[in-house]
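Since the structure comes first, as structure tokens, the remarks are kept for the end.
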Amino acid sequence: MIDTDTDASAPQARLKSRRWFSWVWVLPVLAAAVVIWLALRTWADRGPLITISFSDAEGLEAGETKLKHKDVDLGTVESVYLTPDMSRVVVRARMRRSVAPHLTADTRFWIVRPRVGIGGISGLSTLVSGAYIEMYPGNGEAQRDFVGLDDPPPLTPDTPGRSFTLHAADLGSLVGGSTISYRGVPVGEVEGFELNQATRQIEVYAFVRAPYEKLVRPESRFWNSGGVDVSIGSQGVRFRASSWQELLSGGVSFDTPDSALAGAQSNAGSAFRLYANEQDAQRDPRGTTLVYRVEFVGAAGDVGPGSAVQLLGSEVGQVTDAHLYYDDARQVLLTRVTLEIDPQRIQILHPRATPAPPSAAAEAAAMGARLAKLVAHGLRAQLATANFLTGVKVVSLDLVPDASPARITQLDGAAEFPSVSSTDVADILATAKSVLHRIDSATAGPALGHAVQELDKTLTNVDRLTKDLEPQLQPLISSLRDTAQAAESTLQSANDMLGNSAANGGDLPRLMRELTDAARSLRALADYLDRHPEAVIRGRKKGEP
């Protein structure tokens, strides 16, 4: 039986609907929104994945090493691994989306780490922050695979200036980063070099910074100025040492004639020859040259390619070829020398005509006609010693008095310049030495040797006797001088005492003149014995004063 009263008094539950929003979820929702927003932003900023190949990965760490440009982060290294042949290191890096337009074929990468080089110490900040990869943007087609540089480039791509190509037969001491100077002022650097397989020439890539690139003209000359330049020429031994930077890393210098600075500038990429030294650069003709061939009987010594050609002592060209020949028809040895004369080294004064400026070929032809006239008046080629210290010989063009008639002729397609035998002092001495040697050989014998020995003994005895008498002659010479001086003083006193009356007498003036002559003779004798003490033995030689 159910108790109805109890059931009626039992409490009844009241149900309420729950709210759909609770403040408890505000914080997690906000956190999730931030995470989603950061993820979307990261995804939106996520750029391309690139690979860079390096020779080594020193200092690089996956997830830590950054890629930078001007100290601004551009990406992060995600992984580092070796190529299948284990010869290279491949770095995989994730870049920012904003960098994608700058990842082109010209983009360059290199690892920044502490380095000690010619220019000093660089990359010291990486000792604390660690190594990073520097990127320099480029232009061109988009690219995602790159080959990193082993060393930082000497110049940044955005450096204003122009690049030029220099052709050289030998690289010498040049390296990437070698200084380029204009009259001693650093104006650029060597960017790199490579060997041209076709021409076997070294192509050096030179960069001249602004505003100095305006100094490069088609007439400019470049030469290797690194190291120590020692040359032996007509002016003797020349020694030139570069700065200590150029001694270590080499250097290139260039110069432009002042007259060429008013002309057009050289465009970027223009090619120039790189000379071995400054002397070769300045001597190389700038226009059409006059070529002559000269024959010298016998050997020409050390005259060869590069030897100077002088006109009345001034250098006007150089020897380009020299060979020794045997002329079977004349049965003689001769040396054929080819000369190259630069007409621009001979200035023309008071020209007979003043037409419009001729071409270089016309100027050369006019100078050739003038030289032909000089040959008719005795201009001849001969060998000469330019410097007796070094013995260097040159081909000298000089006016020879009473020279046999001659002219410039064409022989075997070459202009033949007349020559004469050398009148050089060195050659004359050599000839005299040879003659004396022959005389000595012809007259050598027991009798001649005995005579020479006896003559040597006699001269030795005379020299000893003269030395023994010389101390005794000195008092005699002094006495003669004192006597002469006393006589002159006495005569002067007598002349003052007698005055004009002495002039009217007959014997007294004559006596005074004789005493004066005697005093003069005593003084002359004293002077002569002082100069020639050996005269006491042998007497005065005939013809001596």
Going by atom types alone, do [X] and [Y] pair a side-chain donor with an acceptor below 3.5 Å?
| X | Y | value |
| --- | --- | --- |
| Ser163 | Glu191 | yes |
| Tyr292 | Glu340 | no |
| Asn224 | Tyr275 | no |
| Gln201 | Asn196 | no |
| Asp150 | Ser55 | yes |
| Asn139 | Thr104 | no |
| Arg88 | Ser53 | yes |

Exercise. Go through Val252 and Leu174 one step at a time and tell me if the side-chain contact (heavy atoms from CB on, under 4.5 Å) criterion holds.
Key: CA-CA 8 Å; Val252 174; Leu174 295 180; 3.7 Å; yes
At what distance, to the nearest 0.5 angstrom, does [atom1] of [X] lie from [atom2] of [Y]?
| X | Y | atom1 | atom2 | value |
| --- | --- | --- | --- | --- |
| Leu195 | Arg200 | CG | CZ | 6.5 Å |
| Leu171 | Glu203 | CG | CD | 12.5 Å |
| Gln347 | Ser314 | CD | OG | 11.5 Å |
| Ser220 | Leu215 | OG | CG | 8.0 Å |

Check whether any side-chain heavy atom of [X] sits under 4.5 Å from a side-chain heavy atom of [Y], and report yes or no.
| X | Y | answer |
| --- | --- | --- |
| Val77 | Leu67 | yes |
| Met135 | Lys68 | no |
| Thr256 | Leu261 | yes |
| Phe296 | Val303 | no |
| Val216 | Tyr182 | no |
| His323 | Thr335 | no |
| Val395 | Gln382 | no |
| Arg380 | Phe417 | no |

Look only at the side chain of [X] and the backbone of [Y], and say whether a donor-acceptor pair between them is shorter than 3.5 Å.
| X | Y | answer |
| --- | --- | --- |
| Gln331 | Asp328 | yes |
| Arg283 | Gly306 | yes |
| Thr107 | His102 | yes |
| His69 | Tyr136 | no |
| Arg108 | Leu149 | no |
| Asp73 | Gly75 | no |

Determine the minimum heavy-atom distance between [X] and [Y], stating which atoms define it.
| X | Y | answer |
| --- | --- | --- |
| Ala131 | Ile111 | CB-CG2, 4.3 Å |
| Val294 | Ser419 | CG1-CB, 3.6 Å |
| Ile408 | Ala415 | CG2-CB, 4.1 Å |
| Ser266 | Arg162 | O-NH1, 3.0 Å |
| Leu411 | Glu416 | CD2-OE1, 4.0 Å |
| Gly317 | Arg345 | N-NH1, 4.1 Å |

Exercise. Run through Leu60, Thr65, Ile50 and flag the one making a side chain to side chain contact (heavy atoms under 4.5 Å, CB included) with Val91.
Key: Leu60
Practice problem: Check each of Val80, Thr83, Asp145 against Val90 using the side chain to side chain contact (heavy atoms under 4.5 Å, CB included) test, and report the only one that passes. | Solution: Thr83
Exercise. Begin from the C-alpha positions of Asp56 and Arg113 and carry the test salt bridge (Lys or Arg N to Asp or Glu O under 4.0 Å) through to its verdict.
Key: CA-CA 12 Å; Asp56 65 82; Arg113 57 170 71 103; 3.2 Å; yes
Practice problem: Dump the intermediate steps for side-chain contact (heavy atoms from CB on, under 4.5 Å) on Val175 and Ser178, then the final yes or no. | Solution: CA-CA 6 Å; Val175 297; Ser178 295; 3.5 Å; yes
Looking at [X], I'd like to know if its [atom1] atom is crowded, meaning that more than 12 non-hydrogen atoms belonging to other residues, nucleotides or ligands lie closer than 6.0 Å.
| X | atom1 | result |
| --- | --- | --- |
| Arg407 | CZ | no |
| Glu141 | CD | no |
| Asp85 | CG | yes |

Self-check item: Audit row: Arg183, Asp258, salt bridge (Lys or Arg N to Asp or Glu O under 4.0 Å) steps and yes/no
Solution: CA-CA 13 Å; Arg183 299 184 179 181; Asp258 294 338; 3.3 Å; yes
Practice problem: Please assess Arg92 against Tyr81 for the test side-chain hydrogen bond (donor to acceptor under 3.5 Å, both in side chains), listing each intermediate value before the final yes or no. | Solution: CA-CA 8 Å; Arg92 190 184 299 272; Tyr81 58 91; 3.1 Å; yes
Exercise. Begin with the C-alpha distance, continue with both residues' side-chain angles, and end with the deciding distance and a verdict on salt bridge (Lys or Arg N to Asp or Glu O under 4.0 Å) for Glu278 and Arg221.
Key: CA-CA 9 Å; Glu278 183 179 4; Arg221 296 287 174 86; over 6 Å; no
Practice problem: Can you label the angle between the Phe222 ring and the Phe164 ring as parallel, tilted or perpendicular, going by 30° and 60°? | Solution: tilted
Practice problem: Could you please spell out the steps behind the salt bridge (Lys or Arg N to Asp or Glu O under 4.0 Å) verdict for Arg286 and Glu219? | Solution: CA-CA 8 Å; Arg286 298 181 181 273; Glu219 297 81 5; over 6 Å; no
Quiz item: Do Phe54 and Trp110 have ring centroids that are under 6.0 Å from one another?
Solution: no
Exercise. For the pair Glu189 and Arg209, find out whether any cationic side-chain nitrogen is under 4.0 Å from an anionic carboxylate oxygen.
Key: yes
Exercise. Could you tell me whether Arg336 and Asp321 make a salt bridge, using a distance below 4.0 angstrom between a side-chain N and a carboxylate O?
Key: no
Quiz prompt | Derivation and outcome, side-chain contact (heavy atoms from CB on, under 4.5 Å), residues Thr76 and Lys66 | solution = CA-CA 5 Å; Thr76 305; Lys66 301 294 184 180; 3.1 Å; yes
Practice problem: I would like to know whether Glu194 and Tyr205 meet side-chain hydrogen bond (donor to acceptor under 3.5 Å, both in side chains); could you show each step before the answer? | Solution: CA-CA 9 Å; Glu194 65 177 352; Tyr205 305 115; 2.4 Å; yes
Practice problem: Carefully, step by step, assess Met95 and Leu103 under the rule side-chain contact (heavy atoms from CB on, under 4.5 Å). | Solution: CA-CA 10 Å; Met95 307 298 293; Leu103 298 172; 4.1 Å; yes
Practice problem: For Asp342 and Thr289, run side-chain hydrogen bond (donor to acceptor under 3.5 Å, both in side chains): C-alpha distance rounded to whole Å, both residues' side-chain angles, the deciding distance at 0.1 Å, then the answer. | Solution: CA-CA 5 Å; Asp342 186 4; Thr289 59; over 6 Å; no
